[in-house]
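For reference, the structure is listed below as structure tokens.
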Amino acid sequence: MIPWLDANSPFPDVSQALTTDAPGLLAAGADLSPERLLAAYQRGIFPWFSEGQPILWWSTDPRMVLRTAEFKVSESLRKTLKKVARDSDRWQVRFDSAFEQVMRACAAPRRDGPGTWISEEIIAGYTGLHRQGYAHSSELWLDGELVGGAYGVSIGTMFYGESMFARVTDGSKVALAYLVHFLRQNGVELIDCQQETGHLASLGARPIPRKEFISHLQKCIVMPQIRDWCPTAPF
């Protein structure tokens with residue numbers, strides 16, 4: 001059994017997460033206020049649930065992470081990045097100019113899946129974090145239209161990736177490449193990817209023990225916040 005949280009309940013220790021049936025499931029309930037979300041991320045916990053379910057809180061073991069120094073740039077992505085940097089009249093990469101728009105694009109139905117877990121409740125919680133300076137978006141624009149992006153949560157020198165989308169080839173990867181480059185320049189060594197997927201592995205992500213992940217984030221979340229979010233070209 002997992003505990004049910006009310007508005008004032010603290011999170012249980014991540015060591016209490018399930019190891020069978022739903023590995024990593026820690027608790028249910030509470031809310032998605034910016035304060036609750038911050039408390040979760042500071043403890044290595046994240047929300048993930050489908051429509052019709054209560055809010056479910058997870059802390060997976062192992063944890064999928066991307067070390068910024070190990071981000072893999074394929075030859076095709078390298079060519080796309082150079083094209084974006086070269087043709088600045090048509091292409092632009094921006095941070096935080098359309099955070100909610102990025103979230104809603106990530107929430108849109110996809111050709112390879114039935115739907116999304118990014119509900120209106122999720123959007124409200126993370127846009128609240130964005131207004132407080134803890135959630136950020138990386139955006140790719142083509143001729144003034146948003147065509148790719150990624151967003152996540154930043155606490156100190158810890159970054160938690162949430163979701164990406166693309167409307168053109170490599171759109172999400174370009175946004176991610178600029179984000180990874182910026183984070184590495186600002187002392188971020190590790191990006192939390194939460195879920196283990198083949199796509200993330202192709203970009204250089206790999207699983208590490210939860211204990212190692214928690215130890216790393218505890219050192220990072222007490223560092224000063226990154227303030228000047230301004231993209232620069234990776235090449």
Side-chain angles (χ1 to χ4, degrees), residues 11 32-47 63-71 73 81 84-85 88 91-106 118 122-141 144 146-165 171-194 200 203-205 213-235:
F11 284 109
L32 292 171
S33 66
E35 293 73 23
R36 174 65 74 169
L37 288 169
L38 276 179
Y41 283 105
Q42 289 168 341
R43 291 163 175 78
I45 301 165
F46 60 93
R63 188 71 159 240
M64 194 71 164
V65 300
L66 173 62
R67 298 187 184 278
T68 54
E70 297 177 1
F71 178 60
V73 178
L81 288 167
V84 169
S88 58
W91 297 91
Q92 286 185 314
V93 177
R94 308 174 193 165
F95 288 168
D96 293 337
S97 74
F99 180 85
E100 183 174 340
Q101 194 175 342
V102 169
M103 284 202 72
R104 292 191 178 278
C106 290
I118 304 173
I122 288 281
I123 292 172
Y126 285 82
T127 52
L129 277 183
H130 173 63
R131 287 191 293 269
Q132 293 183 9
Y134 290 104
H136 300 274
S137 59
S138 176
E139 309 145 11
L140 178 64
W141 298 79
L146 181 64
V147 294
Y151 77 95
V153 175
S154 176
I155 306 176
T157 53
M158 185 69 212
F159 192 85
Y160 308 80
E162 285 298 316
S163 190
M164 303 185 293
F165 82 96
S172 59
K173 292 180 182 179
V174 170
L176 180 61
Y178 272 76
L179 179 61
V180 170
H181 178 65
F182 170 82
L183 292 172
R184 188 176 181 184
Q185 286 183 316
N186 283 272
V188 175
E189 298 177 0
L190 186 150
I191 297 172
D192 175 28
C193 299
Q194 301 174 355
L200 290 170
L203 297 174
F213 172 73
I214 297 294
S215 176
H216 179 82
L217 79 82
Q218 287 174 340
K219 297 173 185 175
C220 293
I221 61 175
V222 297
M223 300 298 288
Q225 283 291 104
I226 301 171
R227 296 297 179 189
D228 185 16
W229 286 75
C230 184
T232 57
F235 300 105

Met103 and Phe165: side chain to side chain contact (heavy atoms under 4.5 Å, CB included), yes or no, with the steps? CA-CA 9 Å; Met103 284 202 72; Phe165 82 96; over 6 Å; no
Closest non-hydrogen atom pair between Ala175 and Ala150, with its separation: CB-N, 4.1 Å
Just do the side chain to side chain contact (heavy atoms under 4.5 Å, CB included) check on Val153 and Leu37 with the steps written out, would you? CA-CA 10 Å; Val153 175; Leu37 288 169; over 6 Å; no
dist Trp141:CH2 -> Trp91:CH2 (nearest 0.5 Å) comes out at 13.5 Å
For Arg104 and Ile123: C-alpha separation, side-chain torsions, deciding distance, then whether side chain to side chain contact (heavy atoms under 4.5 Å, CB included) applies. CA-CA 8 Å; Arg104 292 191 178 278; Ile123 292 172; 3.7 Å; yes
For Arg131, give me all partners under salt bridge (charged side-chain N to carboxylate O under 4.0 Å, His left out), at least two apart in sequence or on another chain. none
Under the criterion side chain to side chain contact (heavy atoms under 4.5 Å, CB included), I'd like the reasoning laid out for Leu200 against Cys193: C-alpha separation, chi angles, the key distance, then a yes or no. CA-CA 8 Å; Leu200 290 170; Cys193 299; 3.8 Å; yes
Donor-acceptor contact present, side-chain Asp96 to main-chain Ser137, <3.5 Å: yes
Keeping Thr68 on the side-chain end and Arg184 on the backbone end, is there a donor-acceptor pair under 3.5 Å? no
Classify the ring geometry of Phe159 against Trp229: parallel below 30°, tilted from 30° to 60°, perpendicular beyond 60°. tilted
As an exercise, state the distance from CD1 of Ile221 to OG1 of Thr157, rounded to the nearest 0.5 Å. 10.0 Å
Determine yes or no for a side-chain-to-main-chain donor-acceptor pair under 3.5 angstrom, with Gln225 supplying the side chain and Gly156 the backbone. yes
Partner set under side chain to side chain contact (heavy atoms under 4.5 Å, CB included) for Arg36, not counting sequence neighbours: Leu5, Phe11, Ala30, Asp31, Ser33, Trp57
Are the side chain of His130 and the backbone of Ala135 linked by a donor-acceptor contact shorter than 3.5 Å? yes
Is it the case that the side chain of Tyr160 and the backbone of Tyr41 share a donor-acceptor pair, with hydrogens and angles ignored and the cut-off at 3.5 Å? yes
Verify, without hydrogens or angle tests, whether Thr127 (side chain) and Ala124 (backbone) share a donor-acceptor contact under 3.5 angstrom. yes
Which one of Tyr151, Tyr126, Tyr134 satisfies the ring-ring contact (aromatic ring centres under 6.0 Å, His included) criterion with Phe99? Tyr151
Hey, what do you get for NE2 (His216) to CZ (Arg63), rounding to the nearest 0.5 Å? 12.0 Å
Could you walk me through whether Glu139 and Gln92 pass the side chain to side chain donor-acceptor pair (under 3.5 Å) check? CA-CA 8 Å; Glu139 309 145 11; Gln92 286 185 314; over 6 Å; no
Only one of Thr232, Val84, Leu183 passes side chain to side chain contact (heavy atoms under 4.5 Å, CB included) with Tyr178; say which it is. Val84
Is it the case that atom CD in Gln42 sees more than 12 heavy atoms from other parts of the structure closer than 6.0 Å? yes
